[in-house]
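To start, the structure itself, in structure tokens.
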Amino acid sequence: MKKGYFGDFGGCFVPELLMPPLMELEEAMKAILPSEAFQKELRDLLVNFAGRETPLTFCPALSRRLGFEVWLKREDLLHTGAHKINNTLGQALLAKHMGKTSLIAETGAGQHGVATAAAAARLGMKCTVYMGAEDAERQSSNVRRMRLLGAEVVAVESGSRTLKDAINAALRAWISLQGSTHYCFGTAAGPYPFPDLVREFQSVIGREARAQMLERAGALPDYVVAAVGGGSNAIGMFSPFVPDASVKLIGVEAGGTGEPGCMHSAAINLGRPGVLHGEYTMLLQDDDGQILPSGSISAGLDYPGVGPEHAHLAAVGRVKYGVAYDHEALNAFQTLCREEGILPALESSHALAYVLEHAGEFKPGSRVLINLSGRGDKDMDIVEKALNL
Ligand SMILES: *Cc1c(COP(=O)(O)O)cnc(C)c1O
């Protein structure tokens with residue numbers, strides 16, 4: 001396979017001036033990341049700061065009702081409320097070992113910004129977060145959290161004033177800041193080597209879950225299901241299972257309201273290949289190749305592209321990509337609250353929704369492992385409004 005590519009997808013489509021920091025990062029991934037000293041320090045942060053390992057929870061009520069075993073990997077229990085801290089701690093520590101003193105990051109809903117700000121504070125680094133001005137208004141509590149954690153938040157006024165524009169602004173800023181600064185990218189997408197780097201740090205999810213299933217259930221899962229935004233929690237969960245031919249992998253994209261012509265974030269199911277944010281991948285775009293605005297009830301899935309490895313895994317058929325709609329995610333949210341006592345993030349609710357809506361397609365008696373990527377406290381206002389509670 002060509003370096004930096006997953007089949008046809010991936011690559012590194014960036015201005016010349018961004019090649020040096022990306023090559024420096026690739027070098028650090030080879031020289032620093034595998035070292036015993038780095039791995040030991042990262043392990044300590046993941047265990048004693050972030051709260052690994054996360055539990056594997058069996059769902060008795062759901063399993064009884066559905067006729068197959070439902071298991072949840074509990075990334076919702078991590079510090080800052082989601083899997084994102086796995087990646088930000090890894091990248092921040094790597095940057096520190098590279099001699100960088102500052103981090104920049106993009107954020108959409110603010111979750112990755114908060115996780116980056118927390119990692120930066122913990123490691124004594126400066127942090128600047130680029131956020132679309134529209135998002136900064138919608139997600140003001142996360143802006144406040146980032147500021148309390150010592151980060152500077154820059155509101156990006158260009159384009160649609162959302163995540164896509166925040167990434168462009170952060171990439172542009174990195175050109176002039178690269179000497180002192182690492183760009184802590186938030187998902188398993190972007191130019192090479194980010195898709196590899198983020199998968200590396202998130203695959204702790206799948207490694208733990210695989211060992212936990214073997215120990216608790218005495219067997220591998222038959223199905224592994226995860227929600228796909230940019231694709232980091234899903235690739236982290238899937239990658240240790242990819243070589244296990246018996247394990248079916250299902251990624252779930254956000255279908256929006258499901259009305260004809262509605263906004264959605266289903267880049268694999270409904271997009272076409274093209275270049276965005278330095279990579280060739282599946283994208284939501286119009287006939288002229290202009291990026292279409294994405295939309296979902298869950299802010300964390302609201303991205304018009306998807307990581308290139310997912311585009312490849314879809315193309316070769318190793319992973320099946322389905323869609324869950326807003327109302328299905330809301331139902332799944334309520335179901336998990338009431339039947340299992342867990343408030344899931346609306347992102348993770350999409351993965352659960354797919355299993356509930358397609359229950360008939362799962363073999364009776366089989367083992368279904370779902371990645372619960374985050375907790376739902378952040379979504380209470382949206383849920384209450386949508387359900388008229
Ligand atoms: C950000 C986020 C996602 C989507 O991002 P991925 O990179 O696709 O994982 C999913 N779930 C939660 C809880 C998130 O915060």
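Only heavy atoms go into these numbers, but all of them, side chains included; no hydrogens, no water, no symmetry mates. Remember, it's 1-based here, ligands and their atoms both numbered in the order they're listed.
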*Atom indices of ligand 1 within 4.0 angstrom of Gly231 heavy atoms, with elements*: 6 (P), 7 (O), 8 (O)
*Considering only NZ, NE, NH1 and NH2 on the basic side and carboxylate oxygens on the acidic side, decide whether Glu53 and Arg207 come within less than 4.0 Å.*
no
*Any idea which atoms of ligand 1 are less than 4.0 Å away from a heavy-atom of Ser232?*
6 (P), 7 (O), 8 (O), 9 (O)
*Can you run down the ring-ring contact (aromatic ring centres under 6.0 Å, His included) pairs that involve residues 366-388, sequence neighbours left out, and say none if there aren't any?*
none
_Basic-acidic side-chain contact under 4.0 Å: Arg216, Glu69_ = no
_Any residue meeting side chain to side chain donor-acceptor pair (under 3.5 Å) with Arg138, in chain and number order, not counting sequence neighbours_ = Asp135
*What are the atoms of ligand 1, with element, lying closer than 4.0 Å to any heavy atom of Thr187?*
6 (P), 7 (O)
*Charged N to carboxylate O below 4.0 Å: is that the case for Arg52 and Glu75?*
yes
*asked:* So if I count the atoms of ligand 1 from 1 in the order they appear, which ones are less than 4.0 Å from some heavy atom of Gly374?
replied: 13 (C)
*asked:* Check for me whether Gln202 has a heavy atom closer than 4.0 Å to any atom of ligand 1.
replied: no
*Examine the proximity of ligand 1 to His83 and report which part, side chain or backbone, both or neither, has a heavy atom under 4.0 Å away.*
side chain
_Considering non-hydrogen atoms of the protein only, which is the closest contact for atom 10 (C) of ligand 1, and what is the distance?_
Glu347 CB, 3.4 Å
_Show the atoms of ligand 1 that are less than 4.0 angstrom away from any heavy atom in Gly229._
8 (O)
*Does Gly231 offer a backbone N or O that forms a donor-acceptor pair with the side chain of Thr187 under 3.5 Å?*
yes
*Any N or O on Ala188 sitting closer than 3.5 Å to an N or O of ligand 1?*
no
*Could you tell me the residue and atom name of the protein heavy atom closest to atom 4 (C) of ligand 1, and the distance to it rounded to 0.1 Å?*
Gly300 O, 3.3 Å
*Using a strict cut-off of less than 4.0 Å between a Lys/Arg side-chain nitrogen and an Asp/Glu carboxylate oxygen, indicate whether Lys248 and Glu361 qualify as a salt bridge.*
no
*Short list, please: which atoms of ligand 1 are under 4.0 Å from a heavy atom of Asn233?*
6 (P), 8 (O), 9 (O), 10 (C)
*Should we count CZ of Arg272 as having more than 12 external heavy atoms under 6.0 Å?*
yes
*For atom 12 (C) of ligand 1, grab the closest protein heavy atom and report residue, atom and distance to one decimal in Å.*
Ser373 OG, 3.5 Å
_Between Ser348 and Ser373, do the side chains contain a donor N or O and an acceptor N or O under 3.5 Å apart?_
yes
*Numbering the atoms of ligand 1 from 1, which are under 4.0 Å from a heavy atom of Lys84?*
1 (C), 2 (C), 3 (C), 14 (C), 15 (O)
